[in-house]
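Working notes for the structure below.
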Amino acid sequence: MTAFPGAPATLDPARTALVLVDLMDRIAALPLAPRTGDQVIAVSRELARTFRAAGATVVLVRVERPGVETQPPGSGLVEGLAADGDLIVVKRTIGGFHGTGLHQLLAQRGVDTLVFGGIATNLGVESTARAAADHGYQMLFAEDAMAALTEDEHRAAVRLNFPRLGTVVTASMIGFG
């Protein structure tokens with residue numbers, strides 16, 4: 001992977017996965033910033049199409065409340081996001097690695113680079129990225145494929161935390177070489 005701030009990222013599709021976190025109707029419908037859930041979903045769908053076309057792995061992570069017999073309405077992935085061959089991971093904590101087998105699934109595919117998007121930037125996405133760092137993954141963060149409950153929370157994650165873990169880019173900067 002080559003990725004430098006402000007420059008296009010060139011990725012190897014055999015070693016890269018797109019990880020989209022909590023793109024569920026009930027979460028996307030929340031008041032979000034700096035963009036709406038619909039805007040995040042539109043960028044995420046386009047990223048997923050790009051990854052699938054290149055033969056790269058697409059991982060869709062969604063949350064379920066533990067100890068609840070029935071999940072709240074809108075707990076499935078947004079319609080039209082998942083496609084055949086995608087990995088669907090169900091988490092019961094903030095991050096997508098703990099107790100899900102995600103690391104093993106990625107390791108089986110030879111993935112060492114992750115591109116992140118999802119809701120909320122500073123919660124599910126950041127928690128998953130921090131665990132990914134513990135596992136040694138290289139990371140890119142598609143800033144325009146994320147939103148948080150407030151703009152301040154989003155900006156703190158994108159400007160302060162993510163640069164310590166990987167490279168922040170826009171979706172249009174991501175390509176395969």
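For the single chain, residues carry numbers from 1 onward in sequence order.
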Nearest 0.5 angstrom please: Leu18 CG to Thr113 OG1, how far?
12.5 Å
Quick one, Val59 with Leu102, criterion side chain to side chain contact (heavy atoms under 4.5 Å, CB included). Give me CA distance, side-chain angles, the key distance, then yes/no.
CA-CA 9 Å; Val59 180; Leu102 177 56; 3.8 Å; yes
Salt bridge or not between Arg35 and Glu143? Use side-chain N to carboxylate O under 4.0 Å.
yes
From Asn161 atom CG to Arg155 atom CZ, the distance as rounded to the nearest 0.5 Å
15.0 Å
Nearest 0.5 angstrom please: Arg92 CZ to Arg65 CZ, how far?
13.5 Å
Between CE of Met173 and OG1 of Thr10, what distance do you get to the nearest 0.5 Å?
10.0 Å
Are Thr121 and His154 linked by a side-chain donor-acceptor pair shorter than 3.5 Å?
yes
Test side chain to side chain contact (heavy atoms under 4.5 Å, CB included) on Arg15 and Val111 and set out the steps.
CA-CA 4 Å; Arg15 301 173 62 97; Val111 170; 5.9 Å; no
Taking every non-hydrogen atom, the tightest pair across Val158 and Pro163
O-CD, 3.2 Å
Donor + acceptor pair across side chains of Arg26, Ser75 (<3.5 Å)
yes
Identify the two heavy atoms, one from Ile119 and one from Gly37, that lie closest to each other, and give their separation to 0.1 Å.
CD1-CA, 4.2 Å
Candidates Leu123, Val125, Val89 - the one meeting side chain to side chain contact (heavy atoms under 4.5 Å, CB included) with Val21:
Val125
Interatomic distance, CZ@Arg159 vs CG@Asp152, rounded to 0.5 Å, equals 10.0 Å
Should we say atom CG of Leu105 is surrounded by more than 12 heavy atoms from elsewhere, each under 6.0 Å from it?
yes
List the atom of Ala132, the atom of Met139, and the distance in Å for their closest heavy-atom pair.
CB-SD, 3.8 Å
If I compare all heavy atoms of Asp22 with all of Gly124, which pair ends up nearest, and what's the gap?
OD2-CA, 4.4 Å
Begin with the C-alpha distance, continue with both residues' side-chain angles, and end with the deciding distance and a verdict on side chain to side chain contact (heavy atoms under 4.5 Å, CB included) for Arg45 and Val78.
CA-CA 10 Å; Arg45 280 186 174 131; Val78 295; 4.1 Å; yes
Determine, stepwise, if the pair Leu11 / Ile174 fulfils side chain to side chain contact (heavy atoms under 4.5 Å, CB included).
CA-CA 8 Å; Leu11 304 171; Ile174 297 169; 3.5 Å; yes
Phe51 ring center near Phe176 ring center (under 6.0 Å):
yes
Give a yes or no answer on whether the side chain of Glu153 reaches the backbone of Thr150 with a donor-acceptor pair at less than 3.5 Å.
yes
When every non-hydrogen atom of Gly118 is compared with those of Val40, the smallest separation belongs to O-CG1, 4.4 Å
Quick one: are Leu106 and Arg109 in side-chain contact, heavy atoms under 4.5 Å?
no
Is there side-chain contact between Phe116 and Glu126, with at least one heavy-atom pair below 4.5 Å?
no
According to a 4.5 Å side-chain heavy-atom criterion applied to Ile, Leu, Val, Met, Phe, Trp and Tyr, with indirect links allowed, do Leu114 and Leu87 form part of one hydrophobic cluster?
yes
Sub-4.5 Å side-chain heavy-atom contact between Leu149 and Pro31:
no
Following the transitive rule for hydrophobic clusters with a side-chain heavy-atom cut-off under 4.5 Å over Ile, Leu, Val, Met, Phe, Trp and Tyr, establish whether Leu30 and Ile41 coincide in one cluster.
yes
Classify the ring geometry between Phe97 and His135 as parallel (under 30°), tilted (30 to 60°) or perpendicular (over 60°).
tilted
Side-chain heavy atoms of Asp144 within contact of Gln39, under 4.5 Å:
no
Between Tyr137 and His103, what is the ring plane arrangement, given parallel below 30°, perpendicular above 60°, and tilted in between?
perpendicular
Could you tell me the separation between the CD1 atom of Ile88 and the CG atom of Leu81, rounded to the nearest 0.5 Å?
7.5 Å
Can you name the closest pair of heavy atoms from Phe141 and Ala129 and give their distance?
CE2-CB, 3.5 Å
Of Asp86, Asp84, Thr57, which is the lone residue that meets side chain to side chain donor-acceptor pair (under 3.5 Å) with Arg52?
Asp86
